[in-house]
Amino acid sequence: MTEGAPGSSARDRFALYDLFAAYGALIDAAEFDAWLALFAAACTYHIVPQENYERGLPAGLVYCDGRAVLEDRIRALREANKYNIHTDRHLIGLPRLIGEKGAAKLVEAPFAVYQTDQEGETRLFATGLYRDRIVVEAGGLKFRDKLVVLDTFAVPSLLATPL
Amino acid sequence: MLNAAIWPTLDYSRVPYRLYHDPEAYQREQERIFRGPTWSFLGLEAEVPNPGDFRTTYVGDTPVIVNRDTDGAIHALVNRCAHRGAMVRREMSGNAGEHTCIYHQWCYGLDGKLNSIPFRRGIRGQGGLDPGFDMAAHGLRKLRVASVDGALFGTLVDDVEPLEDYLGAPVLAQLRRLFERPVTILGYNRQRIRANWKLYAENTRDNYHASLLHEFLVTFGLDRSTQVGGVKMDARHRHNITWAEAESDTAELAQEAYGAARVRSNYLSLKEPELVRFRRERADPLNIAITSVFPSAVFVQISNSLAVRQIRPRGVDEVEIFQTMLGYADDPPELTLHRLRQANLVGPAGLVSMEDGEAIEIAHRASKPDRDSTTVIELGGAGVISDRDYRVTDVPLRGFWSYYAELLGIEPAGAVR
Ligand SMILES: [Fe+2]
């Protein structure tokens, strides 16, 4: 694998699948340092309600226009924020290669996130679509820009852990 | 039975849990508050800038269409066909010359007038409506609409006091401050909280909780109870302005106060300080201005993030918070970016607001089984309801309940107002 745009050989496909598998598993395990390492050194992360996305409105629920904001949000999650006590389960569909832009591959993947509370009750928390730009950096695939378009934009209760 | 005897005290310092759970109370709220002599926030003129633009919303449980007519006038119409009661306009927003019910295609103008009915004269002289059927009496019901510099309010009661009197001078001044220049919509966010809507209405009036529940505020020095600030209400105490002045305390004072209260205050530095940095935009030094308008609107400035929230009851056990994020039409791009970044602070994923969803859900859940027990509302003292120039207070909650009791017809004799 070379620096720049990821290729589309079978091996590169597996690398892409591994990236998405790790992405969901690391959030569900609350391993946020390892999760942050899946992003490029210069990266963005946005969660945008579908109703804003389709109207071209820029406001997001989570708006990290650089790694600094993303790291601040993770730190706040660990050290300041209080939220419903729960575990997450990400079910991420097969990533779909859409095209290339410069050194990045454009990739989409659908997801569902279920939340389970302390009494063992599970409910569907959200579905949506990842619309990502993925690059090769330091020998591996990284998210350069991750846009989470949220179908479930009437957010149940609150949104604390990343999607 | 819902009556004046439910109140253990005359100053609303005790509120029985039943008021958050009683279906009878919910029905009476819909009838006497939302369909009663109050003004509900509908949306913004900026959302319907052109003739034919419409947007759907709610006044309590009542679905409403807000649209701009060809002559530029704004109308608000009950979104319910006069024929069979079906919702006429199903889309969230759009542009149209008329509103046609899909069920039997009864067609209404932007002013709500019933314009046409298919097969009104029947077919070949058979069927259809009686020739005496009065089209003029079967339009979409119109709300009275009033605007404060582009913030639209509506009411279903014809003889309610004018909006400006209803708001009162301090609240009106806050709205004029927020809408001093034309606004632009940056986006929407919504949250479904499994709690009664009044727990949220109280939450926005509760200054006491802010820096305790929302630890981010104190941890990152954005807003602290040691700042100069307080609460200001209208004469009837139904609305409230929670305000604070930027940089009006010192880190030492805050550390002393929060240290004594055993609240963590380690002043962690952010990697992106812009997330909380307040850029002063006006002559006044306010960096927190949260204006709650009875029954269900909240106008919010937190640092440089600006928003309007609509509290939409969804039955006794659920509420939707519908929030519109704002900027000004003449904001330079870097200020828009600053507001979008600071939108991280508010909404369902807000760094200083996500906790509210959890707090009112646990209050709703645990209060449900014991309807005759009560909350305690005594921060800043019991008794008289009045403005405070300090922040450790929840007096405006008692103002809310006082007007609530009056409208529901359950105000006890001798109660404070
Ligand atoms: Fe709060």
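Chain naming here is simple, since letters A, B, ... match the order of the sequence lines and numbering starts at 1 in each. Everything numeric here is computed off the predicted structure, so don't read it as measured data.
Side-chain N/O atoms of Asn81(A) and Glu355(B) include a donor and acceptor closer than 3.5 Å. Between the side chains of Glu361(B) and Ser157(A), at least one donor N or O sits under 3.5 Å from an acceptor N or O.
Counting heavy atoms from C-beta on, the side chains of Arg190(B) and Glu51(A) come closer than 4.5 Å. Looking at heavy atoms from C-beta onward, Arg73(A) lies in side-chain contact with Asn344(B) at the 4.5 angstrom threshold. Contact check for Tyr83(A) versus Glu358(B): no side-chain heavy atoms found under the 4.5 Å cut-off. Contact check for Leu57(A) versus Leu186(B): no side-chain heavy atoms found under the 4.5 Å cut-off.
Rounded to the nearest 0.5 Å, atoms CE (Met325(B)) and CG (Leu61(A)) are 10.0 Å apart. Once rounded to the nearest 0.5 Å, the distance linking CZ of Phe153(A) with CD of Gln191(B) reads 14.5 Å. The CZ atom of Arg67(A) sits 14.0 Å away from the CD atom of Glu272(B) when rounded to the nearest 0.5 Å. Here the straight-line distance linking atom CZ of Arg75(A) with atom CZ of Phe216(B) works out to 9.5 Å at 0.5 Å rounding.
Of all heavy-atom pairs between Leu351(B) and Ala76(A), the closest is CD2-CB, 3.7 Å. Summarising the geometry of Ala349(B) relative to Val62(A), their closest heavy-atom pair is CB-CG2, 3.9 Å, with the distance given to 0.1 Å.
Among Leu337(B), Ile321(B), Thr336(B), Ile193(B), the residue with the largest count of heavy-atom pairs under 4.5 Å with chain A is Leu337(B). Between chain B and the residues Ala160(A), Pro49(A), Ala154(A), the largest count of heavy-atom pairs under 4.5 Å involves Ala154(A).
Both the backbone and the side chain of Ser93(B) come within contact range of chain A, with heavy atoms under 4.5 Å apart. Contacts between Asp65(A) and chain B at a heavy-atom distance below 4.5 Å involve the side chain alone, from C-beta outward. Contacts between Pro58(A) and chain B at a heavy-atom distance below 4.5 Å involve backbone atoms as well as side-chain atoms. With a threshold of 4.5 angstrom between heavy atoms, Leu275(B) approaches chain A through side-chain atoms but not through N, CA, C or O. Of the atoms belonging to Arg55(A), it is side-chain heavy atoms, and not backbone ones, that fall under 4.5 Å from chain B. For Leu213(B), the parts lying near chain A are the backbone and the side chain together; criterion is any non-hydrogen pair under 4.5 Å.
A donor-acceptor pair is defined here as one N or O able to donate and one able to accept, closer than 3.5 Å; no such pair exists between the side chain of Asn52(A) and the backbone of Gly187(B). Between the side chain of Asp72(A) and the backbone N or O of Leu270(B), no donor-acceptor pair lies under 3.5 Å.
Summarising the local packing, CZ of Arg123(A) is surrounded by more than 12 heavy atoms from other residues, nucleotides or ligands at distances under 6.0 Å. Within a 6.0 Å radius of CD in Glu121(A), no more than 12 heavy atoms belonging to other residues, nucleotides or ligands are found. The environment of Tyr208(B) atom OH is sparse: at most 12 non-hydrogen atoms of other residues, nucleotides or ligands sit within 6.0 angstrom. The number of heavy-atom neighbours closer than 6.0 Å to CZ of Arg89(A), taken from other residues, nucleotides and ligands shown, is 12 or below. By the 6.0 Å contact criterion, OH on Tyr114(A) is open, its count of non-hydrogen atoms from other residues, nucleotides or ligands being 12 or less. The number of heavy-atom neighbours closer than 6.0 Å to CZ of Arg279(B), taken from other residues, nucleotides and ligands shown, is above 12.
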